[in-house]
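Structure record follows, encoded as structure tokens.
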Amino acid sequence: MRIYQAAHHDTRVRDYLFTRRVIWSENTVNAGLLVGNREFQAQITSANPVTEIRTGGSLLLDFGIEFHGAVRFVTGSAAGKIRLRFGESVSEAMGCPDQDHAIHDAELVLPRMGMLEYGNTAFRFVRIDALDRNVQLINVHGVALYRDQKVTGAFHSSDERLNRIWDTAIYTVRMNMQDFLYDGAKRDRLVFMGDLHPEAKAVFCAFDDVSIVPDSMDFIVSHSADTADMNRIRSYPFWWVITLHDYYWRTADISYPARQRGLLLELLAVFAGYVDSAGSEQVPECRFLDWPNREKTAAMHAGLQGLLFWTLKCGEALCAVLDIAFPGAAADAVRRMKNHLPDCGDSKAAAAMLTLSGLKNCADVVSRNRFSGVSTFFGYYMLQTLPTGPALELIRRYWGAMLDFGATTFWEDFDLTWTRNAGRIDELPQPGKDDLHADFGNFCYKGLRHSLCHGWAAGPAPFLSERVLGVRFLEPGGRRIEVAPELGGLEFVSGVVPSAFGPIRVTADAGGEVEVKAGENIIVEISTEKEALCV
């Protein structure tokens with residue numbers, strides 16, 4: 001029973017996590033007692049020994065997995081000032097963490113025979129330094145704060161590496177499902193419209209309750225002085241229209257697009273004005289595709305041409321659903337844009353936008369040297385542009401490499417070249433080895449500012465569900481679906497895709513046998529060379 005008229009009721013849950021490892025300690029006693037310790041309550045006296053950090057001493061703890069939340073101290077009879085450092089990597093906890101958007105390096109006073117929780121960020125490691133006196137610790141817990149939503153989607157195949165990547169991708173986006181859908185659980189902890197689209201695609205393939213997507217879209221709109229300039233980026237409202245379209249297609253919830261009717265028409269009119277007489281996009285500043293193409297004028301133009309065309313086509317589809325006329329200026333802009341097909345150069349992000357929009361097939365650019373020039377943000381769109389077999393190999397090599405070096409969530413950015421002489425992120429930095437966290441990163445995410453739990457990196461999950469399981473919605477909500485698994489060399493695949501009409505269970509093997517189990521309200525069309533069983 002709720003007893004307060006609260007300003008905001010938090011529906012998230014809290015779990016207390018064990019310390020899994022003591023990675024390093026200096027001038028401490030009984031540090032190992034913290035590992036797996038179940039003590040939860042402070043007491044005046046105890047027959048049990050406690051961990052003591054002597055003045056000037058330190059501890060480095062590992063909770064075993066990155067999570068969103070805080071750390072909880074349960075203290076003995078001696079307590080004082082400590083320095084607490086959070087880290088997504090060992091290097092971050094041992095260094096000087098970035099303080100943007102959440103405090104990751106703080107001095108705290110611990111109470112005697114008491115408890116203190118501190119932090120609102122994402123981390124796996126904490127370093128504790130006793131500054132002015134000996135500190136007795138009965139226990140140290142991680143406090144995981146998250147939405148208690150059951151993962152109803154699933155993916156399993158003959159390749160355990162791909163299975164682990166799907167699970168990690170969903171876990172990554174889940175850590176960013178907080179009050180709203182954050183871009184990064186450590187940093188920036190903000191709601192960015194462009195970043196939100198690949199996150200939404202992961203949410204759609206994993207959860208029945210996808211309400212965080214429209215809630216986050218509404219938040220952005222309500223906090224935009226100019227809705228054509230969401231997040232102060234002129235191209236980000238494009239993603240709002242695309243996400244609105246995809247939300248409707250996933251849920252069949254017509255009420256939400258209907259409430260957005262006025263804003264949709266307003267934005268389409270603005271977007272039509274971005275297309276000149278030759279059909280070329282002229283999106284005003286601030287123009288943005290992705291960070292690697294921020295200063296590449298030609299690639300930026302090619303990518304925005306594809307993105308704007310895709311946006312207008314989604315707007316046209318939404319107008320048809322809402323039974324309203326697609327604005328004439330927007331229709332004219334679509335026709336003109338077909339006459340301007342810019343060269344994307346070697347930009348895989350721009351190539352993906354042009355290809356997926358249907359404006360121009362540039363799949364060869366994405367296929368060329370496919371292990372370089374990849375970004376976690378645009379990874380989902382690059383995967384969709386590739387044939388299934390090469391896409392699976394890219395997932396294994398690129399996202400799998402993060403796991404090989406100790407990641408339990410996927411990162412804001414990554415480059416395979418970083419790993420050539422690098423140590424793991426869950427180990428102390430080694431002399432002569434590159435530090436994967438502190439030594440790398442680009443643009444606004446250099447060094448320890450780099451987020452190692454970024455929702456936009458979850459692209460492999462929706463790709464595996466959509467392409468490899470092969471479930472495609474032919475009608476909103478999945479009322480009618482096509483199932484055409486593409487195994488890409490796998491021996492077998494099975495999984496579940498959520499829909500508005502119930503779960504869709506698919507099993508397929510390399511021999512072409514496909515079995516689909518779906519509710520009686522779902523019409524299933526199976527595309528396969530061999531006879532399939534539909535239940």
**Item:** All pairs passing ring-ring contact (aromatic ring centres under 6.0 Å, His included) where residues 102-143 contributes a residue, at least two apart
**Value:** Phe40-His141, Phe67-Phe123, Phe86-Phe123
**Request:** Provide the full list of salt bridge (Lys or Arg N to Asp or Glu O under 4.0 Å) pairs with a residue in residues 398-410, sequence neighbours left out, each pair given once.
**Result:** Arg161-Asp404
**Asked** Listed by chain and number, what are the side-chain hydrogen bond (donor to acceptor under 3.5 Å, both in side chains) partners of Asp148, not counting sequence neighbours?
**Response** none
**Item:** For Asn27, side-chain hydrogen bond (donor to acceptor under 3.5 Å, both in side chains) partners two or more places apart
**Value:** none
**Message:** What I want to check is whether the side chains of Asp208 and Thr152 have a donor and an acceptor closer together than 3.5 Å.
**Reply:** yes
**Request:** Return the orientation label for the His245 and Trp249 ring planes: parallel under 30°, perpendicular over 60°, tilted otherwise.
**Result:** parallel
**Asked** For Asp346, what residues pass the side-chain contact (heavy atoms from CB on, under 4.5 Å) criterion, not counting sequence neighbours?
**Response** none
**Item:** Results of side-chain hydrogen bond (donor to acceptor under 3.5 Å, both in side chains) for Arg83 - residues two or more places apart only
**Value:** Asp105
**Complete:** Checking Phe371, Phe410, Trp411, Phe414 against Tyr398 for ring pair (Phe, Tyr, Trp, His ring centres under 6.0 Å), the one that qualifies is Phe414
**Item:** With sequence neighbours excluded, residues passing ring pair (Phe, Tyr, Trp, His ring centres under 6.0 Å) with Phe440
**Value:** Trp418
**Request:** Flag this pair as yes if the NZ/CZ of Arg38 is under 6.0 angstrom from the six-membered ring centre of Phe18 and inside a 45 degree cone about the axis; otherwise no.
**Result:** no
**Prompt:** Which pair of non-hydrogen atoms, one from Arg294 and one from Cys286, has the smallest distance, and what is that distance?
**Reply:** NH2-SG, 3.6 Å
**Request:** On the 0 to 90° scale, with breaks at 30° and 60°, tag the Trp239-Phe378 ring pair as parallel, tilted or perpendicular.
**Result:** perpendicular
**Message:** Could you work out, with ring pair (Phe, Tyr, Trp, His ring centres under 6.0 Å) as the rule, every residue matching Trp240, not counting sequence neighbours?
**Reply:** none
**Any pair counted as salt bridge (Lys or Arg N to Asp or Glu O under 4.0 Å), so long as it reaches residues 15-33, sequence neighbours left out** = Arg21-Asp62
**Request:** Check side-chain contact (heavy atoms from CB on, under 4.5 Å) between Ala130 and all other residues, then give those that pass, not counting sequence neighbours.
**Result:** Ile53, Val135
**Message:** Suppose the criterion is salt bridge (Lys or Arg N to Asp or Glu O under 4.0 Å): which pairs have a residue in residues 162-177, not counting sequence neighbours?
**Reply:** none
**Asked** Between Arg420 and Asp434, is the closest basic N to carboxylate O distance under 4.0 Å?
**Response** no
**Message:** Suppose we screen for side-chain hydrogen bond (donor to acceptor under 3.5 Å, both in side chains). Which residues come up paired with Lys186, at least two apart in sequence or across chains?
**Reply:** Glu88, Glu92
**Asked** Are any of the side-chain nitrogens in Arg234 or Asp229 under 4.0 Å away from the carboxylate oxygens of its partner?
**Response** yes
**Prompt:** How about Tyr247 and Tyr256: are their ring centres within less than 6.0 Å of each other?
**Reply:** yes
